[in-house]
Amino acid sequence: MPREYPLNKLRNIGVIAHIDAGKTTTTERILFYTGKTYRIGSVDDGTTVTDWMEQERERGITIVSAAITTSWRDYQINLIDTPGHIDFTAEVQRSLRVLDGGVVVFDGVQGVEPQSETVWRQADRFNVPRICFVNKMDRVGADLEYSIQTIKDMLGANPIQMQIAIGKEADFKGVIDLLNMKTIIWEDELGSSPKEYEIPGDLLETAKNKRAQLVEKVAELDDDLMEKFINEEEISIAEIKSALRKAVLANDATAVFCGSSLRNKGVQPLLDAIIDYLPSPLDVPAIKGTNPKNGEEVLLEADDSAPMSALIFKIVSDPYAGRMAYFRVYSGTIKQGLMAYNSSNEKKERIGRLIRVYADHREDVEEMHAGDIGAVLGFKSIVTGDTICEAHHPVVLERITFPEPVISVAIEPKTTADNDKMAKALQRLAEEDPTFRVHEDENTGQTIIEGMGELHLEIIVDRMFREFNVQANVGKPRVSYRETITREVPKAEYKYAKQTGGHGQYGHVVFSMKPLPQGSGVVFVNEIKGGAVPKDYFNAVEKGVHEAAESGVLAGYPLTDLQVTFYDGSFHEVDSSEMAFKMASIFAFRAGVEKAHAVLLEPIMKVEVNIPEEYLGDVLGQLNSRRAEIAGIEARHGNAQAVRAFVPLSEMSGYATELRSVTQGRGVFSMEYDHYTQLPENMAKDVLL
């Protein structure tokens with residue numbers, strides 16, 4: 001089956017932003033104007049296409065990223081609407097991993113907000129080209145110039161203004177297109193038929209000056225245009241668009257548009273910009289993979305006739321259809337009925353139903369081509385980050401890395417009948433969400449669930465009740481502490497020797513240990529020389545170290561930020577086994593940690609509080625009482641102040657209520673995990689009791 005759209009007419013884009021900037025509302029307008037829907041959904045009414053979960057509609061927020069396929073100007077757009085709340089940052093991360101471009105939505109009043117900064121840095125990490133849409137231009141205090149300045153100052157970006165707003169705040173009615181020097185006005189209520197006019201006389205001079213700035217900024221990015229600009233030669237619209245497209249694709253600039261999605265103004269020019277400036281799969285560099293057999297680098301070109309390779313970036317457990325795996329095809333063609341090779345776990349699985357996804361609606365297709373985003377039903381052993389390919393052309397793509405959970409709660413079934421159902425439900429939810437973890441506490445026998453924040457765990461538990469019909473009791477949230485060492489240990493040794501009838505067990509390891517800088521994790525170094533221990537046992541030793549690190553010596557919290565060097569040991573020709581060396585490693589590791597003066601680490605959150613200036617003193621007092629380290633105070637638009645601080649997670653319980661109380665409901669805050677640091681000794685004693 002030939003592809004419907006050629007590769008150069010395909011756009012894989014994500015809509016990303018701070019919470020409540022208007023991502024889902026903008027996505028709904030995109031779907032309406034491209035003819036994908038016949039009515040405009042509302043976040044407030046719970047009628048949006050991409051926020052389809054009950055929990056999303058009740059709360060008015062996006063929780064899971066939703067994929068939609070639509071078309072505009074004979075181009076296919078695969079669009080993913082992502083969450084803005086920091087608790088669901090993994091959804092943004094895995095979406096950006098498989099997207100070619102992004103639309104970053106900003107609140108026209110606030111400009112760059114804390115989560116805008118986080119998603120921008122995530123896009124930087126994956127080298128995703130992006131354009132900007134300054135939304136909510138109809139709101140009191142909306143200021144395009146201010147928003148563009150915050151993009152420049154706070155994100156270090158090179159924003160290029162493409163439009164001027166016509167009308168301020170409630171009188172916002174359209175934009176001036178600086179490239180074509182035309183006025184675009186949205187007169188009808190649905191905004192379906194924007195009208196073009198000449199620029200009003202009172203704005204003509206401003207528009208000419210802004211266009212001159214636009215041309216100069218674009219010319220600075222292109223040597224040929226710069227020469228023309230210096231020689232005062234005419235630069236055509238086509239030349240400006242071509243140079244700007246190159247700059248956006250190279251992440252040297254970002255084009256900025258504006259509008260009000262809620263009032264149905266400004267979305268069609270944004271759609272044109274997606275086509276004109278964001279990349280097709282042919283515009284991004286070939287994806288790098290690794291041949292698992294020889295470790296050589298493999299370049300995957302976006303070509304339908306190349307060997308098939310695709311990355312699984314999301315697993316969804318559908319109560320009716322079963323496990324659904326979302327994938328991005330990087331090369332070749334994936335067909336229904338094909339026997340796919342999972343190079344990550346070396347298993348083969350047949351591709352059952354292939355699906356093109358429209359949020360919670362699906363369309364069966366027979367095949368998908370390079371650049372396409374879709375889903376497959378029926379895979380049994382696949383997990384997020386796995387690569388599927390052809391068995392005779394094996395390749396492994398770089399896995400998606402996710403942040404560690406920072407908060408946990410105990411959960412137990414209400415009845416014996418709920419026990420098995422709860423175990424299955426938690427397993428399915430953990431498969432879906434890599435930032436959600438489940439384990440059993442060895443000391444209490446309780447089931448502990450861990451996540452990125454209180455809202456994250458609240459949604460997980462709510463889904464368990466509704467989707468899996470499990471009744472359970474949930475404890476109070478607990479902070480996920482970590483343990484680390486503070487001293488070097490030159491020698492940690494253990495000889496594991498057991499003699500039973502027949503073969504015995506023998507494994508002997510000698511380690512040295514040392515603390516590492518923050519964020520290093522557990523690093524295993526093998527320095528065995530001269531065959532003191534055969535290579536066959538190296539993996540078992542490393543596994544033992546990582547297994548032992550999962551439970552520390554102080555209170556059973558995972559250990560981090562240390563290096564274990566395996567430098568000596570001995571073996572027995574007959575009695576040595578992988579099991580013996582693994583056990584020796586576990587005991588040697590624990591012995592070493594006990595000598596290394598272990599300490600507790602607590603998670604520190606990066607917090608930003610936005611408040612009117614008159615409440616600044618009270619809010620600073622609140623934060624100081626919660627052991628906050630104030631990082632800075634910035635003046636924001638109007639008389640608003642933004643306080644940035646680092647606060648221990650254990651101190652943030654109940655802060656939302658306290659902030660609302662002291663600011664008469666006018667203060668808002670956001671927080672995200674930043675780092676772990678040593679817990680003060682007097683407080684560590686309370687945790688260890």
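Quick note: numbers below take in every heavy atom, side chains included, and nothing from hydrogens, waters or symmetry partners. Counting begins at 1 with the first residue of the sequence.
A cation-pi contact links Arg130 to Trp120, judged by a cut-off of 6.0 Å to the six-membered ring centre and 45° from its axis.
We find that Lys9 and Asp74 are not joined by a salt bridge, their nearest charged nitrogen and carboxylate oxygen being 4.0 Å or further apart. In this structure, Arg73 pairs ionically with Asp276, as a charged nitrogen and a carboxylate oxygen lie closer than 4.0 Å. Asp386 has a carboxylate O that lies under 4.0 Å from a charged side-chain N of Arg399, or vice versa, which qualifies the two as a salt bridge. Looking at Arg463 and Glu432, a side-chain N of the basic residue comes within less than 4.0 Å of a carboxylate O on the acidic one, giving a salt bridge. Lys241 and Asp272 are not joined by a salt bridge, as no carboxylate oxygen comes within less than 4.0 angstrom of a charged side-chain nitrogen. We find that Lys424 and Asp420 are not joined by a salt bridge, their nearest charged nitrogen and carboxylate oxygen being 4.0 Å or further apart. The pair Asp283-Arg245 meets the salt-bridge criterion, with a side-chain N (NZ, NE, NH1 or NH2) lying under 4.0 Å from an Asp/Glu carboxylate O.
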Please step through side-chain hydrogen bond (donor to acceptor under 3.5 Å, both in side chains) for the pair Ser331 and Glu301, ending with a clear verdict.
CA-CA 6 Å; Ser331 64; Glu301 302 283 352; over 6 Å; no
From CA spacing to verdict: side-chain hydrogen bond (donor to acceptor under 3.5 Å, both in side chains), Asn419, Thr416:
CA-CA 5 Å; Asn419 201 25; Thr416 312; over 6 Å; no
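The closest side-chain heavy-atom distance from Arg97 to Ser95 is not below 4.5 Å. Taking the side chain as every heavy atom from C-beta outward, Thr387 and Asn342 never approach each other to under 4.5 Å. Annotation: side chain of Ile13 is not in contact with side chain of Asn78 (no heavy-atom distance under 4.5 Å). You'll find the side chain of Phe436 reaches within 4.5 Å of the side chain of Ile449, heavy atoms only. Considering only heavy atoms from C-beta on, Ile388 comes within 4.5 Å of Phe379 through its side chain.
Counted by atom type alone, Ser261 and Thr25 present zero donor-acceptor pairs between their side chains at under 3.5 Å. Checked by atom type, the side-chain pair Glu412/Thr447 shows no donor-acceptor distance below 3.5 Å.
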What side-chain donor-acceptor pairs closer than 3.5 Å can you find for residues 287-295, not counting sequence neighbours?
{"residue": "Asn291", "atom": "OD1", "partner": "Lys293", "partner atom": "N", "Å": "2.9"}
{"residue": "Asn294", "atom": "OD1", "partner": "Glu296", "partner atom": "N", "Å": "2.9"}

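The one candidate from Phe538, Tyr537, Phe566 that meets the ring pair (Phe, Tyr, Trp, His ring centres under 6.0 Å) condition with Phe581 is Tyr537.
At most 12 heavy atoms of other shown residues, nucleotides or ligands fall within 6.0 angstrom of atom NZ in Lys543.
Once rounded to the nearest 0.5 Å, the distance linking CD of Gln76 with OG1 of Thr34 reads 11.5 Å.
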